[in-house]
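Here is how names work: the chains are called A, B, and so on, in the same order as the sequence lines, proteins then strands, and each is numbered from 1.
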Amino acid sequence: MQYWLMKSEPSEFSIDDLKRVKVEPWDGVRNYQARNMMRDDMKKGDLAFLYHSNCDEIGIVGVMTIAREAYPDHTAFDPDDNHYDPKSDPDNPRWFMVDVRYKRKLKRVITLNELKQHRALADMTLLRKGNRLSVMSVTRKQWDYILELE
DNA sequence: GCCAACGTTGGC
DNA sequence: GCCAACGTTGGC
């Protein structure tokens, strides 16, 4: 079992949106490192934090499970889609997505600011300077530690 | 709205 | 294969 953190701008897709729809295809990832993790390492049943970025209350807001392992991200084939990539060929897809399922909302937002205060979390990818990955792994230790803060 | 950090692109 | 230019991310 592996642990993950996935970013989303709540104005695009929030924890409340996920709660409503229950299951969501995590489309639109257009970064190779993030893609590789989704395609190669994410397994059904893995757990992931949902993180709200670029908003008033930045931080971890909920827990989701990986409901379906990687399959081609068809939005890359759609010229009308924001994430259209003409170089992704349906016969040889470049981008992949997983499905995530709502598990629960945290009792409170664990903010980025708060995460930064904890020595134990200093190694988190999320907290590394300049990190821009929208999908990243979280160690079991970090996962448990963060949930203890809730 | 600003801007640092980073990834990607494309000319050479 | 290098690297400058550019676009994007995302915190502040």
Side-chain angles (χ1 to χ4, degrees), chain A residues 2-21 24-42 46-66 69-139 141-143 145-150:
Chain A
Q2 293 200 80
Y3 302 88
W4 306 95
L5 182 146
M6 298 164 87
K7 292 182 189 170
S8 178
E9 303 193 9
S11 58
E12 297 295 317
F13 187 79
S14 73
I15 186 70
D16 291 326
D17 294 327
L18 182 59
K19 187 175 183 180
R20 192 171 339 108
V21 300
E24 173 78 2
W26 206 256
D27 60 21
V29 172
R30 297 292 180 266
N31 169 284
Y32 289 105
Q33 243 184 299
R35 176 205 68 182
N36 291 348
M37 282 188 283
M38 286 200 299
R39 189 189 57 188
D40 305 334
D41 300 327
M42 268 190 187
D46 283 357
L47 291 168
F49 285 132
L50 178 59
Y51 174 91
H52 281 175
S53 66
N54 237 318
C55 58
D56 286 343
E57 204 170 22
I58 297 164
I60 295 170
V61 294
V63 178
M64 0 188 240
T65 56
I66 305 306
E69 292 176 16
Y71 59 106
D73 180 347
H74 57 78
T75 64
F77 311 138
D78 178 1
D80 294 328
D81 193 278
N82 276 343
H83 302 289
Y84 175 57
D85 179 0
K87 292 181 203 145
S88 188
D89 175 358
D91 293 330
N92 184 21
R94 174 179 295 205
W95 303 114
F96 289 79
M97 59 188 174
V98 298
D99 286 355
V100 297
R101 173 180 288 113
Y102 177 80
K103 182 157 188 191
R104 70 184 183 88
K105 209 170 158 172
L106 297 192
K107 297 183 198 99
R108 64 184 187 86
V109 179
I110 300 176
T111 65
L112 175 61
N113 225 350
E114 181 177 355
L115 294 171
K116 285 179 181 168
Q117 311 301 318
H118 293 269
R119 261 269 164 86
L121 301 175
D123 288 337
M124 273 189 87
T125 308
L126 179 72
L127 302 181
R128 288 211 204 102
K129 194 175 175 187
N131 167 64
R132 286 169 40 191
L133 276 179
S134 63
V135 176
M136 62 194 89
S137 70
V138 172
T139 67
K141 256 188 176 168
Q142 291 162 349
W143 180 273
Y145 188 93
I146 290 167
L147 285 181
E148 286 292 314
L149 299 175
E150 189 180 359

I'd like to know if Arg20(A) and Asp17(A) make a salt bridge, using a cut-off of under 4.0 Å between side-chain N and carboxylate O.
yes
Rounded to the nearest Å, what distance is computed from the CG atom of residue Leu126(A) to the C1' atom of nucleotide dG11(C)?
11 Å
Is the distance from the ring center of Tyr71(A) to that of Trp95(A) below 6.0 Å?
no
If each of Tyr32(A) and Lys129(A) is mapped to the nucleotide of DNA chain B with the nearest heavy atom, which maps nearer the 5' terminus, i.e. the 5' end?
Lys129(A)
So Asp73(A) and His83(A), do their side chains get closer than 4.5 Å, heavy atoms only?
no
Here the distance between atom P of dC12(C) and atom CG of Asp56(A), to the nearest Å, is 13 Å
When the distance from CZ of Arg35(A) to C1' of dG7(B) is rounded to whole Å, what number comes out?
14 Å
Whole-Å gap separating P (dG10(C)) and CG (Leu5(A)):
11 Å
Quickly work out the Glu12(A) CD to dT9(C) P distance and round it to whole Å.
10 Å
Quick check for you: among dA5(B), dG7(B), dG11(C), whose closest atom lies nearest to any side-chain atom of Tyr51(A)?
dG11(C)
Please pick, from dA5(B), dC12(C), dG10(C), the nucleotide with the shortest atom-to-atom distance to any side-chain atom of Asn54(A).
dG10(C)
Would you kindly give the CG-to-P distance between Asn131(A) and dT9(C), to the nearest whole Å?
13 Å
Starting at the 5' end of DNA chain B and moving along, which residue's nearest nucleotide shows up first, Arg94(A) or Gly130(A)?
Gly130(A)
His83(A) has an atom NE2; how far is it from atom P of dG7(C), in whole Å?
18 Å
Among dG10(C), dA5(B), dC12(C), which nucleotide has an atom closest to any side-chain atom of Leu112(A)?
dC12(C)
Should the pair Trp26(A) and Phe13(A) be assigned to parallel (<30°), tilted (30 to 60°) or perpendicular (>60°) ring geometry?
perpendicular
How many Å lie between CD on Glu9(A) and P on dC12(C), as a whole number?
15 Å
Nucleotide nearest Lys87(A) (side chain, heavy atoms from C-beta), chosen from dT8(B), dT9(B), dG11(C)
dT9(B)
By nearest atom, which of the nucleotides dC12(C), dG7(B), dG10(C) is closest to the Lys116(A) side chain?
dC12(C)
Could you go through the side chain to side chain donor-acceptor pair (under 3.5 Å) check for Asp78(A) and Thr75(A) one step at a time?
CA-CA 5 Å; Asp78(A) 178 1; Thr75(A) 64; over 6 Å; no
On the nucleotide dT9(C), are OP1 or OP2 found under 4.0 Å from the side-chain N or O atoms that Lys7(A) carries?
no
